[in-house]
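Since the structure comes first, as structure tokens, the remarks are kept for the end.
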Amino acid sequence: MTITGIAAVGAGLAAIGAGLGIGKIGGSAMEAMARQPEMHGKIQSSALILAAFVEAVALFGVVVAFLQG
Amino acid sequence: MTLSTFKSVLFSVLFLAISTTGFALENKESGEDEKFDPKEMILHHVKDAHGFHLWGEGHDAVSIPLPVILWTDNGLTTFMSSAFHHDDSGKEIVSANGGKFVKVHEKIYQLNDDATAVTFDEEHHPTNAVKPLNFSITRNVLMLFVSALLLIVLFVSAARSYAKSKDGVPTGLAGFLEPLVVFVRDEIARPMIGEHKYKKYMPYLLTIFFFIWINNIFGLIPILNGANLSGNIAFTATLAIFTFIITTLSGNANYWKHIFWMPGVPVPMKIFLMPIEIIGMFVKPISLMIRLFANITAGHVIILALMSLIFVFKTVAIAPVSVGFSLFITVIEIIVTAIQAYIFTILSALYFGMATEEAHH
Amino acid sequence: MDLITPGIGLVFWTAVTFLILLFILRKFAWKPILGAVSDREEGIKDALASAEKARLEMQNLQADNERILKEARVERETMLKEAREIKAKMIADAKEEAQAQASKMIEQAQTAIESEKKSAMAELKNHVAGLSVEIAEKVVRDELSNKDKQLKLVETMLGEATLN
């Protein structure tokens with residue numbers, strides 16, 4: 001396997017982690033919204049911010065893959 | 001009224017995106033007899049370029065030339081990018097201001113004085129040339145100017161319309177832009193920075209929000225031939241550095257105390273936390289930079305990769321699938337343009353809020 | 001690798017453009033727009049506050065009106081009552097006076113009648129006396145010629161006179 005191939009696998013693994021993380025955030029946000037519909041706006045914006053933080057970690061992985069690409 | 005306007009704008013952007021992505025690819029493919037290389041094509045579209053390529057290949061290509069501005073040992077050197085005659089492999093040598101210049105993969109190199117032709121090593125890097133400081137008006141720089149001008153025209157004319165209407169009721173353009181401005185104020189600045197201090201940061205937050213958003217949208221309009229400004233790390237790095245500078249300059253005693261001597265934890269923990277917090281100070285702008293760059297670039301890469309499928313498989317049968325998927329991704333990207341501008345702005349506001357927060361324990 | 005190395009040219013142009021953009025928009029766009037928005041918000045807040053104030057004033061005014069109306073009603077009641085009392089008193093007084101007057105008049109009339117009666121009696125007596133004297137004279141003249149008769153008459157008359 002070439003170094004580019006390994007980088008691609010790494011990017012894929014990073015995507016798995018971020019997918020799990022964002023999925024958890026989204027699920028919990030939905031649950032919270034269903035429980036307290038009046039807090040809808042606040043929950044949504046904090047969920048977006050948290051998703052951005054999780055996503056950043058995956059994007060670091062992607063950038064490392066770019067380094068090899 | 002604003003909703004229907006918004007819808008029609010959305011649909012026209014979508015239509016343009018779909019129609020011209022295919023068009024751009026077609027140009028790329030025709031005239032190339034050798035094997036189609038999707039990676040080459042995608043990187044060519046995502047990266048910056050000297051000149052706006054319109055259509056055609058090689059010497060028949062039609063493109064809008066842009067000025068090349070270099071800082072060499074002999075001082076400022078300028079010439080138009082058309083002097084390279086669409087050559088991108090270093091064969092065409094341009095002499096200007098006592099230097100010899102070649103363009104390889106949209107990068108300009110200055111040949112050493114004794115060299116007459118550029119030579120390459122096995123990784124295709126020139127061996128007998130150096131890279132001068134390049135301040136050229138490239139495709140991205142041109143889009144940067146266009147987007148800044150557009151923002152100025154839009155918002156200054158909107159601001160003027162307030163003076164015209166007697167009772168301060170927004171009309172026309174201002175009626176469309178005002179809710180966005182109020183959104184930045186009420187949903188981003190106020191909750192993140194706080195009621196008393198948010199006013200100072202409003203101009204920066206508004207400018208950064210609309211600047212990123214409009215450039216994200218421009219990046220999605222392929223008729224601009226992939227002017228991928230917000231997917232360029234130089235652009236996002238500059239904006240992230242501005243956020244970092246403002247955060248650092250507005251940091252109060254409480255902020256620095258939290259970094260160097262975290263209150264409310266035992267002393268060994270304080271010592272342990274200090275390097276983490278110092279690293280965190282720099283990781284924040286770096287993550288801002290990477291997030292915007294990687295999100296936008298990844299979106300472009302996916303759309304172009306889906307389109308490349310047609311040429312990789314060399315069959316029209318795959319076209320409905322790849323067009324369908326890239327339509328889907330384009331719609332998502334339209335949402336992402338706004339979300340990424342929002343995230344960048346809200347995180348900047350969050351960092352300003354952390355820097356100016358007063359001690360409350 | 002190429003993709004994530006920032007080009008110095010683009011960094012420079014981005015910084016310059018962004019600073020100019022920030023400066024221009026701050027001066028010519030954000031200030032007027034945010035100013036107009038906050039002015040309008042202030043205006044709405046003020047309008048709401050003054051509406052609330054007007055409502056309270058209205059309420060006060062209404063309460064005042066009601067109070068004044070109530071007072072007026074009470075005053076009217078008392079005035080009417082007083083008037084009624086005065087009326088009754090006046091009627092009673094008038095009645096009393098009239099009665100007194102009437103009884104006084106009756107009394108006067110009685111005394112007048114009494115005195116009239118008395119004087120009439122006296123006059124009648126005088127008249128009767130004169131008449132009697134005249135009759136007596138005539139009778140005497142007539143009777144004096146006859147002695148017996150004279151005596152008899154005197155006797156009768158005396159007897160009658162004493163009877164009276």
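Chain letters run A, B, ... following the sequence lines, proteins first and then strands; every chain starts at 1. Heavy-atom basis, side chains included; hydrogens, waters and symmetry copies ignored.
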*Output the option from C:I8, C:D39, C:V37 having the highest count of non-hydrogen pairs under 4.5 Å with chain B.*
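It is C:V37.
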
_For C:F28, give me all partners under ring-ring contact (aromatic ring centres under 6.0 Å, His included), at least two apart in sequence or on another chain._
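Counting only residues at least two positions away or on another chain, C:F28 forms no ring-ring contact (aromatic ring centres under 6.0 Å, His included).
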
Against chain B, label [X] side chain, backbone, both or neither, depending on which of its atoms sit under 4.5 Å from a heavy atom there.
{"X": "C:L25", "result": "side chain"}
{"X": "C:L22", "result": "both"}
{"X": "C:L34", "result": "side chain"}

*asked:* Set out, in order, the CA-CA distance, both residues' side-chain angles and the distance that settles side chain to side chain contact (heavy atoms under 4.5 Å, CB included) for B:E106 and B:K47, then state yes or no.
replied: CA-CA 9 Å; B:E106 294 298 343; B:K47 278 187 194 166; over 6 Å; no

*Check the angle between the aromatic planes of B:F135 and C:F12 and answer parallel, tilted or perpendicular using the 30° and 60° thresholds.*
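Judged by the thresholds at 30° and 60°, the geometry between B:F135 and C:F12 is perpendicular.
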
What part of [X] gets closer than 4.5 Å to chain C, counting heavy atoms only: side chain, backbone, both or neither?
{"X": "B:K199", "value": "neither"}
{"X": "B:R160", "value": "neither"}
{"X": "B:V181", "value": "side chain"}

_Check against ring pair (Phe, Tyr, Trp, His ring centres under 6.0 Å), B:F84 and B:F101_ = CA-CA 9 Å; B:F84 288 115; B:F101 302 96; 8.2 Å; no

*Tell me, which pairs form a side-chain hydrogen bond (donor to acceptor under 3.5 Å, both in side chains) where one or both residues lie in residues 75-103 of chain C, sequence neighbours left out?*
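Qualifying pairs: none.
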
*Just grab all the salt bridge (Lys or Arg N to Asp or Glu O under 4.0 Å) pairs involving residues 46-60 of chain C, residues at least two apart or on different chains.*
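Every pair satisfying salt bridge (Lys or Arg N to Asp or Glu O under 4.0 Å) with a residue in residues 46-60 of chain C: C:E52-C:R55.
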
*Flag the one option from B:I137, B:L239, B:V141, B:V182 with the top tally of heavy-atom pairs under 4.5 Å to chain C.*
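Top count of heavy-atom pairs under 4.5 Å with chain C: B:V141.
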
*With no hydrogens and no angle check, do the side chains of B:S136 and B:N134 hold a donor and an acceptor under 3.5 Å apart?*
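Side chains of B:S136 and B:N134: pair found under 3.5 Å.
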
_Looking at B:G231, is its backbone amide N or carbonyl O close enough to the side chain of B:T297 to form a donor-acceptor pair, meaning the two atoms are under 3.5 Å apart?_
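Flag set: sc B:T297 to bb B:G231 pair under 3.5 Å.
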
_For residues 201-211 of chain B, give me every residue with a non-hydrogen atom less than 4.5 Å from any non-hydrogen atom of chain C._
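Under the 4.5 Å heavy-atom cut-off, B:M202, B:P203, B:Y204, B:L206, B:T207, B:I208, B:F210, B:F211 qualify.
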
_Test log, rule side chain to side chain contact (heavy atoms under 4.5 Å, CB included), inputs B:L229 and C:L10_ = CA-CA 9 Å; B:L229 183 57; C:L10 193 52; 4.1 Å; yes

_With rounding to the nearest 0.5 angstrom, report the CG to CG distance, C:D64 to C:L69._
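One finds 12.0 Å between CG of C:D64 and CG of C:L69.
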
